[in-house]
Undergrad: 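First, the structure itself, so that you have it in front of you.
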Number of protein chains: 2
Amino acid sequence: MQRKLRLTTREVTDRLIHVFREAGYDGASLEALAAAAGLTRGSLYHHFPGGKAQMAEAVLNRAGAALSQDILMPLRARGNTANIINGMLDGVLKYYDGDPPICLMNALTLGEGHVLFAEKVENAVTAWHRMLAGVFSSGAIDLKDANNEATDLLASIQGALILSRVVGTRQVFEDQIERLRHHNY
Amino acid sequence: MQRKLRLTTREVTDRLIHVFREAGYDGASLEALAAAAGLTRGSLYHHFPGGKAQMAEAVLNRAGAALSQDILMPLRARGNTANIINGMLDGVLKYYDGDPPICLMNALTLGEGHVLFAEKVENAVTAWHRMLAGVFSSGAIDLKDANNEATDLLASIQGALILSRVVGTRQVFEDQIERLRHHNY
DNA sequence: GTCTATATAGGGATAGAC
DNA sequence: GTCTATCCCTATATAGAC
């Protein structure tokens with residue numbers, strides 16, 4: 001199997017993701033990014049003339065698209081609430097695919113990354129929360145309760161990611177997601 | 001009110017905390033740390049000959065002590081489970097005192113910080129989890145269920161911190177903690 | 001105990017050959 | 001589209017005066 005010589009910008013972007021996930025914005029050096037891409041530092045600037053900020057933004061955009069597809073799309077399905085939530089949780093397991101799983105948006109909102117991307121991340125999370133609340137409120141419960149249920153579920157997922165990373169094993173995350181399937185929605 | 005000229009290392013440490021919390025290890029520059037301490041870069045090395053790594057470790061140790069006092073100690077109280085958990089949640093609100101609240105241990109386990117402090121952070125979180133599970137298991141339920149309940153609660157708290165930081169307001173965090181008080185334990 | 005000044009390395013970014 | 005070479009700045013760390 002021969003190594004590809006010329007990469008598309010999208011392929012390069014995909015190779016950069018895990019560096020930003022594990023190191024955050026400030027911790028992601030061009031040296032590490034270039035190594036992950038299999039390119040030199042100079043070559044990165046062909047794909048991203050805007051430098052590191054543009055690299056991180058491209059990675060964030062890719063993650064946003066994946067989140068929409070894997071997690072938000074199942075929330076648009078019709079059916080009973082429990083089935084919809086189960087579909088979303090399948091997407092959550094797919095979207096957070098590392099071992100341990102790490103949330104890119106969490107990693108990118110510290111230090112300089114916070115200055116650059118806080119708004120974009122907030123928008124993504126808010127969209128997720130709003131759609132989740134919509135699913136719960138269609139269950140004919142009070143709108144405020146629906147919002148609270150959405151917050152609870154989102155917090156449980158994000159918290160499981162934190163714990164899983166701290167412990168260093170994916171299993172903690174998967175176990176927690178399984179338990180969330182059996183809650184009463 | 002006159003400004004103190006000579007600071008103890010502990011006082012300096014306390015002033016460094018919020019820089020590491022908001023920027024993580026890689027994002028915390030000596031310039032920012034010196035400014036926060038009200039000292040020059042050079043003076044920081046008097047208090048921390050080991051440089052930035054030692055500063056972060058000192059901050060982490062202080063946070064560990066505060067966590068023990070504010071959060072773990074209430075878990076040693078006697079009484080019914082609900083009261084003990086309420087006491088812990090009071091400590092949680094006190095320990096995570098920023099606006100928005102940010103988890104130092106989360107911030108310090110990305111990039112180079114992960115290499116340096118992952119083990120120490122894991123130990124702290126594991127201790128919290130173990131004590132929490134102990135409280136739940138004294139409620140005469142299955143040990144595995146107690147562990148799961150502990151994980152659920154810990155994840156809810158950590159996730160609330162994430163959401164609160166992303167949204168940029170402390171209110172989200174406080175509301176979530178209030179709701180956790182009314183769960184059935 | 002704090003300062004100024006400085007050493008040294010690594011970071012991000014650019015120019016131009018191939 | 002990728003490379004090498006280089007520039008410049010910031011970052012961490014050290015030395016020594018006060």
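In what follows, every heavy atom counts, from backbone to side chain, and hydrogens, waters and symmetry copies are set aside.
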Undergrad: Any idea how A:Phe173 and A:Tyr96 line up, ring-wise: parallel (<30°), tilted (30 to 60°), or perpendicular (>60°)?
TA: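 Perpendicular.
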
Undergrad: Roughly how far, to the nearest 0.5 Å, is the CG atom of B:Asn106 from the CZ atom of B:Arg21?
TA: 12.0 Å

Undergrad: Figure out the CZ/P separation between A:Phe48 and C:dT14, and round it to whole Å.
TA: 15 Å

Undergrad: Please tabulate, one pair per line, each protein N/O and nucleotide N/O from nucleotides 11-14 of chain D that are separated by under 3.5 Å, including the distance.
TA:
{"unit_1": "D:dT12", "atom_1": "OP1", "unit_2": "B:Ala28", "atom_2": "O", "d": "3.3"}
{"unit_1": "D:dT12", "atom_1": "OP1", "unit_2": "B:Lys52", "atom_2": "NZ", "d": "2.9"}
{"unit_1": "D:dT12", "atom_1": "OP2", "unit_2": "B:Leu30", "atom_2": "N", "d": "2.7"}
{"unit_1": "D:dA13", "atom_1": "OP2", "unit_2": "B:Tyr45", "atom_2": "OH", "d": "2.8"}
{"unit_1": "D:dA13", "atom_1": "OP2", "unit_2": "B:Lys52", "atom_2": "N", "d": "3.1"}
{"unit_1": "D:dA13", "atom_1": "O5'", "unit_2": "B:Tyr45", "atom_2": "OH", "d": "3.2"}

Undergrad: Does CZ in A:Arg41 sit with more than 12 non-hydrogen atoms of other residues, nucleotides or ligands closer than 6.0 Å?
TA: no

Undergrad: Rounded to whole angstroms, how far apart are CG on A:Leu39 and P on C:dC18?
TA: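 Rounding to the nearest Å, CG of A:Leu39 and P of C:dC18 are 20 Å apart.
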
Undergrad: Establish whether A:Ile85 and A:Leu161 are linked, either directly or via other cluster members, by ILVMFWY side-chain heavy-atom contacts under 4.5 Å.
TA: yes

Undergrad: Is the number of heavy atoms from other residues, nucleotides or ligands within 6.0 Å of CD (A:Gln54) greater than 12?
TA: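 Above 12, so yes.
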
Undergrad: Between the main-chain N or O of B:Thr8 and the side-chain N or O of B:Glu11, is there a donor-acceptor pair closer than 3.5 Å?
TA: yes

Undergrad: Under 4.0 Å from OP1 or OP2 of D:dG1: is there any side-chain N or O of A:Ser43 that close?
TA: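 Checking A:Ser43 against D:dG1: no side-chain N or O falls below 4.0 Å of OP1 or OP2.
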
Undergrad: OP1 or OP2 of C:dG1 sitting under 4.0 Å from any side-chain N/O of B:His46?
TA: yes

